[in-house]
Amino acid sequence: MTQAIEDYALIGDLMTSALVGRDGSIDWLCLPHFDSAACFAALLGNKENGHWRIAPAEAGEGRRCTRRAYADGSLVLESYWETDDGTVKVVDFMPQRDSAPDLMRIVEGVSGRVTVRSTLRLRFDYGHVVPWVRRSEGDRVAVAGPDSVWFRSEPPVRTWGEDRSTRSEFTVGAGEKVAFVLTWHPSHETRPERADPYEALEQSLADWREWSAQCRYEGPYREAVTRSLITLKALTFAPTGGIVAAATTSLPEELGGVRNWDYRYCWLRDSTLTLGALVSTGFLDEARAWRAWLLRAVAGDPADLQIMYGIAGERRIPETELPWLRGYASSAPVRTGNAAVDQLQLDVYGEVLDSLHLARACGLASERHAWKIQLALLDFLERNWHRPDEGLWEVRGPRRHFTHSKVMAWVAADRAVRTLEGAPHLPGDVQRWRAMRDEVHRDVCDKGYDPERGTFTQYYGSRELDAATLLIPRVGFLPPDDPRVIGTVDAVRAELGSSGLVRRYSTEGPSVDGLPGDEGAFLACSFWLADALHMTGRGKEARELFERLLAVRNDVGLLAEEYDPRTGRQLGNFPQAFSHVGLVNTAIALSAPDPAH
């Protein structure tokens with residue numbers, strides 16, 4: 001039985017992550033990194049594709065824990081099971097690693113005496129490869145090709161092989177504990193060093209709490225902001241500073257549909273909003289690391305700038321389908337990689353330059369070569385901003401002159417002008433970039449605005465709308481009180497609204513994205529609407545929308561990419577960094593005075 005996307009919680013070690021269901025089953029885990037092949041892929045198939053469930057023996061398939069929550073200020077998950085025989089707690093976490101990644105699960109008796117069962121099914125290569133399992137010095141070791149996983153319990157409990165799985169069963173009373181440790185290691189190397197699970201738990205709690213205590217946000221939404229920042233940190237690949245868009249691939253934007261993409265990569269489009277969220281809440285080390293990743297990724301020929309990169313800045317992300325997986329809720333195909341990497345999306349040039357301008361404005365020490373890279377990007381954009389592209393949403397239909405792409409070209413020129421005005425010693429022709437800025441502004445206002453309806457449209461000459469135009473006042477293209485801005489906000493809310501939330505664009509009729517089917521309300525865009533309402537003086541409506549969005553979070557404060565108001569289900573890859581960045585930035589905006597007063 002497929003669990004709802006919102007039934008999952010995230011644990012991770014800043015290099016990879018796992019999803020733990022409310023039924024006690026870990027159904028998604030990629031080792032050793034976010035973008036590695038999964039060894040638990042039941043999320044996208046069934047239990048035979050790999051999972052690890054720990055639950056009371058009497059808890060049948062589909063039964064959920066009584067309650068769960070993260071330990072305050074951490075990514076350590078605590079799940080409680082109340083049974084007729086007593087209560088047990090399961091603590092799930094992944095300690096920040098020294099070398100090999102560890103997944104740890106500690107079962108603790110709370111009251112009575114409860115019999116607990118563990119069922120471990122390892123399936124390497126996204127559920128495709130069944131490993132050979134043997135005993136070694138009291139551990140179980142599963143090996144197939146380049147992968148090995150070592151599995152043990154402390155203290156040892158009765159464990160046996162059955163039905164191509166490893167099973168354990170034991171009984172705990174109040175205060176008694178059994179810890180399980182699962183460690184990945186390259187199969188050609190010697191046995192990894194054993195970690196003490198109880199020491200690792202204390203260290204993990206201390207590490208996370210020390211980190212989250214740095215949060216400078218003190219407004220009314222501190223709990224939600226802190227949880228979102230912890231989630232963003234968990235989606236960060238620590239060695240490089242890259243932040244993946246989500247922990248998963250192929251969770252659908254429509255149940256049973258084909259809009260299933262791999263989001264375990266780093267998108268340039270997220271850069272400005274992410275950097276702003278980190279800087280505003282006091283996480284300057286993470287902001288510097290993200291900026292450094294960005295500079296490394298975009299280095300090279302500006303004509304070859306990609307919209308996304310791998311976690312270390314890799315450029316090759318070939319898209320492949322995995323036919324042996326049926327897909328979440330039969331939503332096929334399951335994809336790894338992302339063919340959108342080859343698209344032309346001119347808005348990313350604006351987003352990169354906006355990020356680097358923001359970093360300079362916030363006092364992050366600038367890299368010597370950063371300005372040279374920006375000038376090269378500007379030079380390319382000056383020659384190419386007139387071209388049609390695939391736009392922010394990576395449409396797989398024909399290229400068009402997307403209004404948002406042109407607005408971001410304006411942003412690129414505007415940030416160059418501002419930088420040179422503030423630092424005239426830097427090389428660059430400020431008059432040249434002013435001229436470009438003015439030309440793009442005229443072009444957008446002439447061709448991207450529908451005076452009859454009083455709104456900016458999705459692309460030149462269209463009647464369709466796009467929630468990305470809500471960003472026009474935020475990036476400074478027009479002031480919030482401009483009638484064209486107010487008209488756009490009202491039109492987007494009216495035509496793309498979905499039970500108070502907002503879709504990215506219309507999928508009715510011949511869709512601009514070239515794909516069949518529908519999708520849910522896009523959560524990041526809904527946060528943008530709250531921002532736009534606040535900027536245009538409608539603070540009460542903005543706060544009401546924001547609190548509606550907070551109610552969409554699951555029981556442990558996580559958001560996917562989209563939400564279906566009709567069914568009350570989260571949709572798309574999970575948890576989604578863009579959604580949590582939107583939450584943080586909107587909470588900060590709403591803490592500021594209402595512009596109308």
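Note that these values count all heavy atoms, side chains included, but never hydrogens, waters or copies made by symmetry.
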Aromatic contact, Phe380 with Tyr349 (centres under 6.0 Å):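 Yes.
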Check: Trp28 ring centre within less than 6.0 Å of Phe40 ring centre: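 Aromatic pair excluded; centres sit 6.0 Å or further apart.
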For [X] and [Y], does a side-chain donor sit closer than 3.5 Å to a side-chain acceptor?
X	Y	result
Tyr126	Asn49	no
Trp211	Glu286	yes
His401	Lys447	no

Charged N-O contact under 4.0 Å between [X] and [Y]:
X	Y	result
Glu562	Arg259	no
Glu495	Arg453	yes
Arg400	Glu390	no
Arg437	Asp414	yes
Asp13	Arg97	yes

Partner residues of Arg383 under the salt bridge (charged side-chain N to carboxylate O under 4.0 Å, His left out) criterion, sequence neighbours left out: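 For Arg383 the salt bridge (charged side-chain N to carboxylate O under 4.0 Å, His left out) partners, ignoring immediate neighbours, are Asp379.
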Check: His580 side chain, Leu559 main-chain N or O, donor-acceptor pair, under 3.5 Å: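 Checked: pair present.
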Phe237, Trp184, Tyr265 screened by ring pair (Phe, Tyr, Trp, His ring centres under 6.0 Å) with His33, the one that passes: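 Considering Phe237, Trp184, Tyr265, a ring pair (Phe, Tyr, Trp, His ring centres under 6.0 Å) with His33 is found only for Phe237.
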Cation over ring face, Arg269 and Phe578, 6.0 Å, 45°: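 Yes, cation above the ring, under 6.0 Å and within 45°.
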